[in-house]
Amino acid sequence: MRKQLCLALDVATVEEACAWVRRMTAHFGTFKIGLRLFCAQGPSVVDRVREAGAERVFLDLKLHDIPQTVADAVSALTAAGPDLLTVHTAGGAEMMRRAQAATEGRITLLGVTVLTSLDASDLSSTGCESSPLAVTLKRARLAVDAGLGGLVCSPEEVSAVRAELGELSRILVTPGIRLSGGELDDQRRVATPREAVRAGANLLVIGRPVLTATRPEQVCEDLFAELSA
Ligand code: C5P
């Protein structure tokens with residue numbers, strides 16, 4: 001079950017991140033380094049997190065720029081040695097194709113479709129009048145056609161994305177995981193772990209529900225219990 005679970009290391013320092021990894025390796029197979037930690041600590045954080053015991057390291061930088069710039073960044077980041085890295089599918093087909101080529105098959109690229117913090121009215125306020133689901137499906141198809149190894153999407157869209165992909169081999173990551181009755185924080189489109197897995201997700205990202213808990217191990221036990229129910 002830990003293989004399906006990813007802890008988002010949304011903390012300020014590499015020391016805090018490594019302490020969480022050491023404490024949580026029994027519960028999580030993947031540990032995610034996001035923008036905050038990467039910007040504060042630099043690429044060496046990938047090695048540090050792995051040395052602390054992370055089985056898989058997920059670098060979630062959601063790269064989004066012109067194709068050449070993203071391809072160069074992906075080459076540099078591949079050298080840092082994560083297992084998974086995100087680009088933003090809003091960057092378009094050419095950007096994703098070039099990014100994929102830049103990995104030289106050494107790491108798995110995932111395409112972020114629509115952030116789980118955005119709902120239809122947020123999308124519309126940015127000039128995107130289609131529904132989150134329609135945008136997600138369009139971007140998912142583009143990412144798969146560009147050769148990416150998987151996608152990140154909200155739990156609400158995961159079953160439609162799974163159906164759209166028509167096969168099970170790709171990684172489908174869902175953030176926005178909340179235990180029933182838990183705080184939503186800034187997430188808008190959320191689901192319980194069980195709902196997400198039933199819908200076809202195979203990697204669940206969870207951050208604040210564990211990091212801010214008074215008894216994080218208990219939250220993990222609840223996660224396991226819910227998943228095996
Ligand atoms: O604390 P919480 O469980 O909401 O953490 C979710 C993690 O997933 C955060 O690190 C966030 O950056 C990330 N994420 C997300 N929505 C996406 C892609 C990544 O919330 N679409």
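When a ligand or atom number is given, it counts from 1 through the structure's own listing order. Bear in mind that the values here come from a model prediction, so they are computed numbers and not experimental data. In this chain, numbering begins with 1 at the start of the sequence shown.
Using a 4.0 Å cut-off between a side-chain N of Lys or Arg and a carboxylate O of Asp or Glu, D83 and R50 qualify as a salt bridge. Under 4.0 Å is where a charged nitrogen must lie from a carboxylate oxygen, and between R97 and D145 no such pair does.
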Subject >> Audit row: E104, T78, side-chain hydrogen bond (donor to acceptor under 3.5 Å, both in side chains) steps and yes/no >> reply: CA-CA 9 Å; E104 297 177 346; T78 297; over 6 Å; no
Filter the ligand 1-protein atom pairs down to N or O on both sides and distance under 3.5 Å, then list them.
{"residue": "ligand 1", "atom": "1 (O)", "partner": "R208", "partner atom": "N", "Å": "2.7"}
{"residue": "ligand 1", "atom": "1 (O)", "partner": "R208", "partner atom": "NE", "Å": "2.8"}
{"residue": "ligand 1", "atom": "3 (O)", "partner": "R178", "partner atom": "NH1", "Å": "3.0"}
{"residue": "ligand 1", "atom": "3 (O)", "partner": "G207", "partner atom": "N", "Å": "2.8"}
{"residue": "ligand 1", "atom": "4 (O)", "partner": "R178", "partner atom": "NH2", "Å": "2.7"}
{"residue": "ligand 1", "atom": "4 (O)", "partner": "Q187", "partner atom": "NE2", "Å": "2.9"}
{"residue": "ligand 1", "atom": "4 (O)", "partner": "R208", "partner atom": "NH2", "Å": "2.8"}
{"residue": "ligand 1", "atom": "10 (O)", "partner": "D10", "partner atom": "OD1", "Å": "3.4"}
{"residue": "ligand 1", "atom": "10 (O)", "partner": "D10", "partner atom": "OD2", "Å": "2.7"}
{"residue": "ligand 1", "atom": "10 (O)", "partner": "K32", "partner atom": "NZ", "Å": "2.7"}
{"residue": "ligand 1", "atom": "16 (N)", "partner": "T116", "partner atom": "OG1", "Å": "2.7"}
{"residue": "ligand 1", "atom": "20 (O)", "partner": "T116", "partner atom": "OG1", "Å": "3.1"}
{"residue": "ligand 1", "atom": "20 (O)", "partner": "Q187", "partner atom": "NE2", "Å": "2.9"}
{"residue": "ligand 1", "atom": "21 (N)", "partner": "T116", "partner atom": "N", "Å": "3.4"}

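When atom types are taken as modelled, the side chain of R170 and the backbone of L148 share a donor-acceptor pair closer than 3.5 angstrom.
Between the side chains of E55 and T25, no donor-acceptor pair is found at a separation under 3.5 Å.
Judged as a salt bridge (charged side-chain N to carboxylate O under 4.0 Å, His left out), not a single pair has a partner in residues 4-19 (not counting sequence neighbours).
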